[in-house]
Structures are given as structure tokens and as C-alpha cells.
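The figures that follow rest on heavy atoms only: side chains count, while hydrogens, waters and symmetry mates do not.
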Amino acid sequence: MIRFILLQNRQGKTRLAKYYVPLEDSEKHKVEYEVHRLVVNRDPKHTNFVEFRTHKVIYRRYAGLFFSLCVDITDNELAYLESIHLFVEILDHFFSNVCELDLVFNFHKVYLILDEFILAGELQETSKRAIIERMGELEKLE
């Protein structure tokens, strides 16, 4: 199960945070700070999986953004690493070459894409085409 998803820039500014377990606001800020320190200082030669408290963080860096997922210790790392890549591909298709400013100014659309992709901490849809079609239908409604 996915505990939380974080999108952070290199300076540690959180651009998107979605929590699937209840946490206090102070704990959320602490987690965001700890995860950023954990992934930003990690040598690129190491794997993209790192233990974090009693879970593990799977992260991937795209340009200046770190996409981080915290999952249960027994979950498949490669499946979640691939899901990060799929999420980035969907964002890239939807925003046509996504950048950090797209995430900032269109955060509601990013959350909508994320909700089509992940439901209650579990991967719901893995078809890029299906998600893009749903997003197209929702765009027509606006």
C-alpha cells in the first residue's frame, strides 16, 4: 500500500503531497523534510529504493523534481518505480512537456490525474490510454 506521494524540487519545496494514511500536519512537514534529505543527498549510483522508518521510499528524479512514494516494506519496488514513470508520462502527455510550473499553477488537474491513477493507496489504473481518455472527458465537462 502506498502511504504517501511527494513531488519535491531540489530545494525541498513540496509541489504535491498526497497522504493515504492519517498524519498530523506537523508530522507531514517532518516527513516531507526527512524524505527530501534522504533522496536529495543520495548518490545516483545507488538504487532508487531506500528504507524509511518502518517502510520504504521509492523515488525517481526527473529534471529538477523528485517523485517519491512511501510504500510498505513488502511491496514490489519495481512495480512502483514503473508507476512513477507512468505518472510522469501521463503528466507529460497531458501538459505537453510538463515542467514544475505546470504542477504549481494546475495543481488541481495534477491531483485529478493522481486520483484517476491511484485510489486509497493502491494502483487503480495502469493503462496510460485509459487515464488520458478519462482526463479528456473531464476536460470536455469544464
Side-chain angles (χ1 to χ4, degrees), residues 1-140:
M1 178 184 159
I2 299 172
R3 301 285 172 181
F4 57 82
I5 298 171
L6 297 176
L7 272 63
Q8 297 174 309
N9 64 14
R10 279 181 272 180
Q11 290 76 30
K13 185 79 172 163
T14 301
R15 296 302 182 187
L16 177 131
K18 180 87 174 183
Y19 292 87
Y20 297 101
V21 293
L23 292 174
E24 296 289 328
D25 285 343
S26 60
E27 182 66 17
K28 287 179 184 179
H29 292 298
K30 186 177 175 185
V31 162
E32 290 171 13
Y33 176 75
E34 288 176 13
V35 168
H36 180 261
R37 286 198 48 220
L38 196 63
V39 299
V40 79
N41 295 324
R42 197 157 158 87
D43 191 351
K45 295 177 187 174
H46 293 130
T47 64
N48 292 13
F49 324 127
V50 61
E51 288 187 16
F52 176 69
R53 298 182 181 172
T54 59
H55 306 292
K56 66 186 150 180
V57 170
I58 298 157
Y59 69 95
R60 194 150 186 191
R61 180 178 172 193
Y62 288 93
L65 287 174
F66 289 93
F67 290 73
S68 306
L69 296 176
C70 181
V71 299
D72 292 334
I73 200 81
T74 58
D75 286 350
N76 184 346
E77 300 96 349
L78 295 176
Y80 286 112
L81 193 63
E82 192 61 32
S83 68
I84 292 173
H85 184 69
L86 179 61
F87 182 54
V88 171
E89 282 183 342
I90 293 166
L91 289 174
D92 202 40
H93 183 274
F94 192 74
F95 292 110
S96 56
N97 203 5
V98 68
C99 67
E100 188 175 343
L101 289 177
D102 291 325
L103 301 178
V104 172
F105 293 118
N106 299 302
F107 67 92
H108 56 286
K109 292 181 182 178
V110 178
Y111 277 108
L112 198 60
I113 292 170
L114 192 60
D115 289 340
E116 285 292 329
F117 185 52
I118 297 170
L119 177 68
E122 299 290 340
L123 293 176
Q124 173 183 332
E125 180 64 65
T126 57
S127 170
K128 178 180 172 183
R129 184 181 53 80
I131 294 171
I132 290 171
E133 284 175 4
R134 282 194 207 122
M135 293 306 298
E137 291 170 8
L138 291 172
E139 283 287 306
K140 289 177 188 175

Taking [X] for the side chain and [Y] for the main chain, is one N or O donor matched with an acceptor at less than 3.5 Å?
X: R37; Y: V39; answer: no
X: K56; Y: V71; answer: no
X: K18; Y: D115; answer: no
X: D72; Y: M1; answer: yes

Heavy-atom side-chain proximity of [X] to [Y] below 4.5 angstrom:
X: V88; Y: L65; answer: no
X: I84; Y: Y62; answer: yes
X: L123; Y: F117; answer: yes
X: I132; Y: M135; answer: no
X: E51; Y: I73; answer: yes
X: L16; Y: F107; answer: no
X: T14; Y: Q8; answer: yes
X: V31; Y: C70; answer: no

From [atom1] ([X]) to [atom2] ([Y]), nearest 0.5 Å:
X: R3; Y: R53; atom1: CZ; atom2: CZ; value: 12.0 Å
X: Y80; Y: I58; atom1: OH; atom2: CD1; value: 7.5 Å
X: L114; Y: I5; atom1: CG; atom2: CD1; value: 4.0 Å
X: R61; Y: N48; atom1: CZ; atom2: CG; value: 11.5 Å
X: I118; Y: Q124; atom1: CD1; atom2: CD; value: 9.5 Å
X: L81; Y: L86; atom1: CG; atom2: CG; value: 12.0 Å

Qualifying residues under salt bridge (Lys or Arg N to Asp or Glu O under 4.0 Å), relative to E82, sequence neighbours excluded:
none
Holding to salt bridge (Lys or Arg N to Asp or Glu O under 4.0 Å), I want the full list of residues that pass it with R42, two or more places apart in sequence or in another chain.
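R42 satisfies salt bridge (Lys or Arg N to Asp or Glu O under 4.0 Å) with no residue once adjacent residues are dropped.
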Positive for side chain to side chain contact (heavy atoms under 4.5 Å, CB included) with L6, one of K28, E32, R15:
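Running side chain to side chain contact (heavy atoms under 4.5 Å, CB included) over K28, E32, R15 with L6 returns exactly one hit, E32.
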Residues two or more places apart in sequence or in another chain: which of them pass side chain to side chain contact (heavy atoms under 4.5 Å, CB included) with S127?
E125, R129, A130
For residues 89-99, which side-chain donor-acceptor pairs fall under 3.5 Å, sequence neighbours excluded?
unit_1 : atom_1 : unit_2 : atom_2 : d
E89    : OE2    : H85    : NE2    : 3.1
D92    : OD1    : N97    : N      : 3.3
D92    : OD1    : V98    : N      : 3.0

Step-by-step side chain to side chain contact (heavy atoms under 4.5 Å, CB included) determination, E116 to L138:
CA-CA 11 Å; E116 285 292 329; L138 291 172; 4.1 Å; yes
Tell me the ring pair (Phe, Tyr, Trp, His ring centres under 6.0 Å) pairs involving residues 12-54, sequence neighbours left out?
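Sorted result for residues 12-54: F4-Y19.
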Partners of Y59 by ring pair (Phe, Tyr, Trp, His ring centres under 6.0 Å), sequence neighbours excluded?
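For Y59 there are no ring pair (Phe, Tyr, Trp, His ring centres under 6.0 Å) partners, ignoring immediate neighbours.
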